[in-house]
Amino acid sequence: MFEAIAFYLFAFLTIAMFYVAVTTSQALYALSALAAGMIFISAFFFILGADFLGAVQIVVYSGAVMALYAFGMMFFDTTREVKEKQGNKAIIIGLSTLAALMVVVIVAAPIVGNNIEALYPSVDATKNVQEVGMVLFTKYLVPFEVAAVMLLVAMIAGIVLAGKKMDLSVTLMNEAEIMMMKEEDKNKKAHS
Amino acid sequence: MEIGLHHYLVLSTILFAIGLMGVMRRKNLLMLFFATEILLNAVNISFAAISHYYGDLTGQMFAFFVIAIAASEVAVGLGLLIVWHKKHNNIDLDNMSTMRG
C-alpha cells in the first residue's frame, strides 16, 4: 500500500520536474527542475531496495553533475531566453518511431523474459551495500578499474579544455619565452 | 495494489520519451545536455527495477557504470562547450555545422 502511494507520488513528481526541464525557456529553471528530478529518482532506488545506488544517485547527480552544470552556466549568458529549434522532420519522425517501438518492446519484454535466471543472485541475509561491494570487487573488478581510468581521463580533459593557456607548456619553454609571455600578459591587462 | 515490474518500465518509458522530446526541440547545446541526463536516468530506473524483480545484481552494476559514464560525459562536454563559447560566443546547435559535408 505504502509502496504504491510512494511510487505514484514520486512518479508524478519526477515526470513533472523533467517535463519542466525540457520545456522551460529559462536555463536556470531547467537546471533546478533537473536537480529536483534527480533527487526524486533516487527515491525509486530506495523503494526498490537498491540503497547504495540511491545514495550514489544523490551524491553524483545532485552533488557533482548539477554543481558542474551550475559552474558551467556561469560562462554562458543564461539570462537571455533559450531559442527553440524549428525542427528537422527526419529527426522528429525517427525519434518518435523509436519511442513508439520502445514502448512495445518494454511492455513485451517481461513476457518474453519469464525464464531468465539470475546471474548473480542477491542473498537475503546480507545488506544491499555489502552485496554490491562483493559483486563489484569480484565479478566487475576490471570494468570498475576501467571506469576509474575513464574518469581520470575525463577530469584531465575537463581541466585542459576549461583552463587558460593550457596549450602552452612552461616546462618546455626557455626563460626568454616565459618572460615574453609575462610581458604580453601585463600589456594586455594595462590595455584592458 | 501491488507495484510490479511493468509500472517501473512504463515510468521509465515516459521519462525516456520526455528526454527524447527535449533532444528534438532544444536548440541550445546546454539544454541538450540536460535532455541527455534525463535519458540516462530513465534507463537507470529500469535497470534498478529489473535488478530488483529478478533478484539479480547485474542491473545495479550497469546502473553504476552508466552513472560513471554520465559524470565523465558532463566533464568533457562542458569543457568543449566552454571552448566553443569562448571562440564563437554562442552555443546554438545550428551554428555547429563546420563538419557538415
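Quick note: numbers below take in every heavy atom, side chains included, and nothing from hydrogens, waters or symmetry partners. Below, chains carry the letters A, B, ... as their sequence lines are ordered, and counting in each starts from 1.
The parts of B:Phe33 that come within reach of chain A are both its backbone and its side chain, each placing non-hydrogen atoms under 4.5 angstrom from that chain. Contacts of A:Ile41 with chain B are made by side-chain atoms alone, with heavy-atom separations under 4.5 Å and no backbone atom involved. Both the backbone and the side chain of A:Ala11 have a heavy atom closer than 4.5 Å to some heavy atom of chain B. Of the two parts of A:Val60, only the side chain, counted from C-beta on, holds a non-hydrogen atom closer than 4.5 Å to a non-hydrogen atom of chain B. For chain B, the nearby parts of A:Leu31 are the backbone and the side chain; heavy atoms of each come within less than 4.5 Å. Interface remark: A:Tyr19 contributes backbone and side-chain atoms alike to the contact with chain B (heavy atom separation under 4.5 Å). With a threshold of 4.5 angstrom between heavy atoms, A:Ala64 does not approach chain B through any atom at all.
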Could you check A:Thr23 against B:Met21 for side chain to side chain contact (heavy atoms under 4.5 Å, CB included), going step by step and ending with a plain yes or no? CA-CA 9 Å; A:Thr23 52; B:Met21 200 178 86; 3.9 Å; yes
Going through the distances and angles, do A:Phe12 and B:Leu11 end up as a side chain to side chain contact (heavy atoms under 4.5 Å, CB included)? CA-CA 9 Å; A:Phe12 172 74; B:Leu11 172 74; over 6 Å; no
Evaluate the side chain to side chain contact (heavy atoms under 4.5 Å, CB included) criterion for residues B:Trp84 and A:Leu161: first the C-alpha distance (whole Å), next the side-chain angles of each, then the deciding distance (0.1 Å), finally the verdict. CA-CA 10 Å; B:Trp84 182 272; A:Leu161 286 170; over 6 Å; no
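Of the residues considered (B:Gly22, B:Ser72, B:Ala35), B:Ser72 shows the highest number of contacts with chain A, using heavy-atom pairs under 4.5 Å. Comparing A:Leu152, A:Leu68, A:Val65 by how many heavy-atom pairs each has under 4.5 Å with chain B, the most go to A:Leu68. Chosen from B:Ile45, B:Val83, B:Ile14, the residue pairing most often with chain A at heavy-atom distances under 4.5 Å is B:Ile45. Between chain B and the residues A:Gly37, A:Ala157, A:Ala50, the largest count of heavy-atom pairs under 4.5 Å involves A:Ala50. Contact count versus chain A (heavy atoms, under 4.5 Å) is highest, among B:Ala17, B:Gly59, B:Ala49, for B:Ala49.
With rounding to the nearest 0.5 Å, the separation of CD in B:Glu37 from CE in A:Met66 is 6.0 Å. Of the inter-residue distances, the one linking A:Phe44 atom CZ with B:Ser12 atom OG reads 10.5 Å to the nearest 0.5 angstrom. The structure places NE2 of B:His52 at 13.0 Å from CG of A:Leu53, a figure rounded to the nearest 0.5 Å. Interatomic distance, CG of B:Leu30 versus OH of A:Tyr69, reported as 7.0 Å (0.5 Å rounding). Note that CE of B:Met61 is 12.0 Å distant from NZ of A:Lys139, once rounded to the nearest 0.5 Å. Between the CZ atom of A:Phe18 and the CG atom of B:Asn41 there is a distance of 5.0 Å, given to the nearest 0.5 Å.
The minimum heavy-atom distance between A:Val56 and B:Ile67, with the atom names listed, is CG1-CD1, 3.9 Å. Minimum interatomic distance between A:Ala21 and B:Ile38 (heavy atoms only, all atoms of both residues): CB-CD1, 4.3 Å. B:Ala71 and A:Leu151 get closest at one heavy-atom pair: CB-CD2, 4.3 Å. Of all non-hydrogen atoms in B:Phe34 and A:Ala27, the two that sit nearest each other are CE1-O, 4.2 Å. Residue B:Ala75 comes nearest to A:Ala154 through the heavy atom pair CB-O, 4.0 Å, listed as atom of the first residue, atom of the second, then distance.
Under a hydrophobic-cluster definition in which Ile, Leu, Val, Met, Phe, Trp and Tyr are linked whenever side-chain heavy atoms come within less than 4.5 Å, directly or via other members, A:Val129 and A:Phe144 are assigned to the same cluster. Cluster membership check: A:Leu141 does not share its hydrophobic cluster with A:Val149, using side-chain heavy-atom separations under 4.5 Å among Ile, Leu, Val, Met, Phe, Trp and Tyr. Put simply, B:Leu15 and B:Val43 are part of the same group of oily side chains (I, L, V, M, F, W, Y) that touch within less than 4.5 Å, one to the next. Hydrophobic clustering (side-chain heavy atoms under 4.5 Å, transitive across Ile, Leu, Val, Met, Phe, Trp, Tyr) keeps A:Phe46 apart from A:Ile39. By the rule that hydrophobic residues join a cluster once side-chain heavy atoms approach within less than 4.5 Å of another member, B:Ile50 and B:Ile3 end up as members of one cluster.
Taking the six-membered ring where the residue is Trp, B:Phe65 and A:Tyr140 present tilted rings, their angle falling between 30° and 60°.
Contact of the A:Tyr8 side chain with the B:His7 side chain is registered, since non-hydrogen atoms from C-beta on lie closer than 4.5 Å. Put simply, the side chain of A:Leu48 does not reach to within 4.5 Å of the side chain of B:Phe47, judged on heavy atoms. In this structure, the side chains of A:Ile15 and B:Ile18 come closer than 4.5 Å at one or more pairs of heavy atoms.
Aromatic ring centres of A:Phe52 and B:Phe64: separated by under 6.0 Å.
The environment of A:Met181 atom CE is dense: over 12 non-hydrogen atoms of other residues, nucleotides or ligands sit within 6.0 angstrom.
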